[in-house]
Every structure is written in structure tokens, then in C-alpha cells.
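Data block below; observations after.
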Amino acid sequence: MVSERQDRKRLVAVGLWVMAALAVLTFLEYLAAVRLSRATTAVFVLAAAKGWLILDFFMHVRAMFRKEEA
Amino acid sequence: MSAEAVTTGVVTGGSVAGSPARAPAAGAAAHDRVAGARLGLWLFIASEACLFAAFIAARFVIAGVSRPHELNQGLGLAITAILLSSSLTAYLAEAFARLDDYRKSQIFIWATAGLGCLFLAGVVLEFREGFELFPPRTEYGTAFFSLVSLHAFHVLTGVVALVVSSNLIRLGRMEDLGAWRVEAVVKYWHFVDLAWVVIFPTLYLVS
């Protein structure tokens with residue numbers, strides 16, 4: 001019961017952290033586009049970081065390449 | 001069950017993680033079905049990614065990196081925030097489904113669908129402005145309307161899939177495949193979100 005409660009807390013915390021990181025990166029993207037005259041490279045680097053966060057934490061892409069637990 | 005197994009959906013001991021214990025043979029059969037379905041879903045996502053990549057490449061071929069000065073970047077940022085928020089609710093819907101808490105999962109599924117509808121409302125606003133400022137016959141308009149329409153259609157199908165998934169929970173049809181039905185819809189939703197992560201800078205930010 002305690003373990004399940006901890007699991008829930010941990011899952012929610014991971015989701016919130018990833019969400020916060022996505023928000024910060026999106027804001028940086030916007031800032032780069034508004035402030036820099038040539039922002040293409042910068043915004044795509046930031047977009048790649050956001051993509052990795054979604055793929056890894058939300059879509060669990062690494063689990064596809066992991067061996068199953070015995 | 002470890003939190004990691006709950007998060008990633010890695011199966012344990014021949015049964016689907018997050019679902020109730022059942023006979024080993026039935027568990028193994030369900031495991032095989034889910035493993036095959038999961039691979040199929042990833043292949044589907046890969047094919048969809050190729051479609052989006054083609055449209056994104058077309059934007060640069062047709063209009064280069066130019067964008068109209070009248071483009072409403074603020075609205076673009078707002079709908080991006082809405083879609084990213086829906087990713088969190090979708091993630092929580094999947095996480096609670098794995099923990100067999102389908103009631104909470106259903107709440108987050110509806111929250112995700114609601115945010116998806118809000119995103120679509122934002123796209124409609126964007127289209128209304130766009131038709132006046134950069135009509136589809138212009139170079140940028142062609143790229144903008146085709147790419148955003150393609151994505152909006154995926155959001156719409158995602159919303160429909162979320163509603164179907166919620167209905168399956170309501171009908172109690174989660175026992176045979178565990179949380180897979182929620183996981184599949186949520187993965188698709190995250191992909192739609194991922195596509196927007198690339199589309200947003202492609203249309204609104206590059207210069």
C-alpha cells in the first residue's frame with residue numbers, strides 16, 4: 001500500500017518535472033525566435049531536446065529495446 | 001511492481017504489468033498480444049512520422065525559412081502550451097491505468113480530450129487570421145495550411161480515440177489486455193504532440 005502510494009507520487013513527480021522542462025524549453029525557443037536574427041538552428045536544437053523528453057519519458061521508447069524482466 | 005515497470009509497461013512474469021494476476025497461460029497469451037500490438041503501434045508511428053517529415057520538408061522547399069511578419073506567434077505559443085499540457089494529462093491517464101486506478105485514468109483521459117478540443121479551437125482562430133493575412137494560394141500559406149490541417153486532423157482522431165478508450169473503461173473492457181488500450185491511445189497522443197514540437201518552430205519560429 002505504501003509502495004503503491006510512493007509509485008503514484010513518483011509517477012506524478014516525473015510527469016510534472018518533464019512538463020516543467022518542456023515549458024522552459026518552449027519559452028526559450030520563443031525567446032530565441034523573437035530575439036535572434038537567425039534563430040533556425042537554435043530553435044531546432046531546443047525542439048530536439050523537447051522531442052527527446054517526450055520520446056523518453058512519455059512514450060517510453062527505451063522500453064522497446066530493453067530485455068523483459070525475469 | 002516497481003515504479004519503473006509501471007511507467008514503462010515492461011511486462012513481468014508473463015503477465016501484463018498493471019493488470020490483475022491471472023492464470024499463467026492466459027497471462028502469456030495477453031503478453032504476446034500486447035507485445036505484438038506494441039510493435040505494430042511503433043511501426044504505425046514510424047510511418048506517420050515519415051508523412052509529417054515529408055510535409056515539413058515541403059515547407060522549406062516551397063517557402064524556404066521565410067515567414068510573414070503578421071503571423072500570430074503568440075497564438076501559436078498558446079496552442080503549443082495547451083498541447084504540451086495535454087501530454088501531461090495523457091501521461092497521467094496511462095500511469096493510473098497501469099496502477100489499475102481506472103477512475104482517475106478516465107478523468108485524465110477526458111482532461112486530455114478537452115485540451116485537444118481547446119487546441120483545435122485555437123487552430124480555427126489561427127485559420128481565420130491566416131486566410132486574411134497569408135491565403136493558401138501564397139507560398140507560406142500553402143505550407144502553413146497543409147501542415148496545420150494534417151496535424152489538426154491527427155488531433156481530431158486522437159480525441160475520438162480518447163473518447164473510445166474512456167468508453168471502454170466505462171464498459172469494464174480492460175480486463176483482457178490490462179492497460180494496453182489506454183497505453184496505445186496515449187502513445188498516439190504523445191506522437192501527435194511530438195509532431196507539433198517540430199511543426200511549431202517550422203512554421204512559427206524559423207527566420
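Here is the naming used below: chain letters follow the sequence lines, and residue numbers restart at 1 for every chain. Just so it is clear, the model here is predicted, and its values are computed rather than measured.
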* Asked: Is chain B contacted by the side chain of Leu16(A), its backbone, both, or neither, given a heavy-atom distance below 4.5 Å?
  -> both
* **Nearest-0.5 Å distance that lies between atom CG in Leu11(A) and atom OH in Tyr91(B)** => 4.5 Å
* Going by heavy atoms in the side chains, are His60(A) and Lys187(B) under 4.5 Å from each other? -> yes
* Asked: Out of Ala48(A), Ala39(A), Ala33(A), Ala32(A), which one racks up the most heavy-atom pairs below 4.5 Å with chain B?
  -> Ala33(A)
* More than 12 foreign heavy atoms under 6.0 Å from CD of Glu70(B): is that the case here? -> yes
* Is it the case that more than 12 heavy atoms not belonging to Phe60(B) sit under 6.0 Å from its CZ atom? -> yes
* To do: Compare all side-chain heavy atoms of Leu77(B) with those of Glu29(A) and state whether any distance is below 4.5 angstrom.
  => no
* To do: Go through the steps to decide whether Val65(B) and Arg38(A) satisfy the test side chain to side chain contact (heavy atoms under 4.5 Å, CB included), and finish with yes or no.
  => CA-CA 10 Å; Val65(B) 291; Arg38(A) 286 168 178 256; over 6 Å; no
* To do: Against chain B, label Phe58(A) side chain, backbone, both or neither, depending on which of its atoms sit under 4.5 Å from a heavy atom there.
  => both
* Asked: Can you name the residues of residues 193-205 of chain B that have some heavy atom under 4.5 Å away from a heavy atom in chain A?
  -> Asp193(B), Leu194(B), Val197(B), Val198(B), Phe200(B), Pro201(B), Thr202(B), Leu205(B)
* Side chain, backbone, both or neither: which part of Ile54(A) has a non-hydrogen atom closer than 4.5 Å to chain B? -> side chain
* Asked: Between Val34(A) and chain B, which part of the residue has a heavy atom less than 4.5 Å away: side chain, backbone, both or neither?
  -> side chain
* **Separation of Thr80(B) OG1 from Lys50(A) NZ (nearest 0.5 Å)** => 6.5 Å
* Asked: Can you say whether Leu84(B) sits under 4.5 Å from chain A via the side chain, the backbone, both, or neither, judging by heavy atoms?
  -> both
* To do: Output the distance between atom CE (Met19(A)) and atom OG (Ser87(B)), rounded to the nearest 0.5 Å.
  => 7.5 Å
* Relative to chain B, which segment of Ser37(A) carries a heavy atom at a distance below 4.5 Å: side chain, backbone, both, or neither? -> backbone
* **Side chain, backbone, both or neither of Leu39(B) within contact of chain A (heavy atoms, under 4.5 Å)** => both
* Which atoms of Trp189(B) come close to chain A, meaning under 4.5 Å heavy atom to heavy atom: side chain ones, backbone ones, both, or neither? -> neither
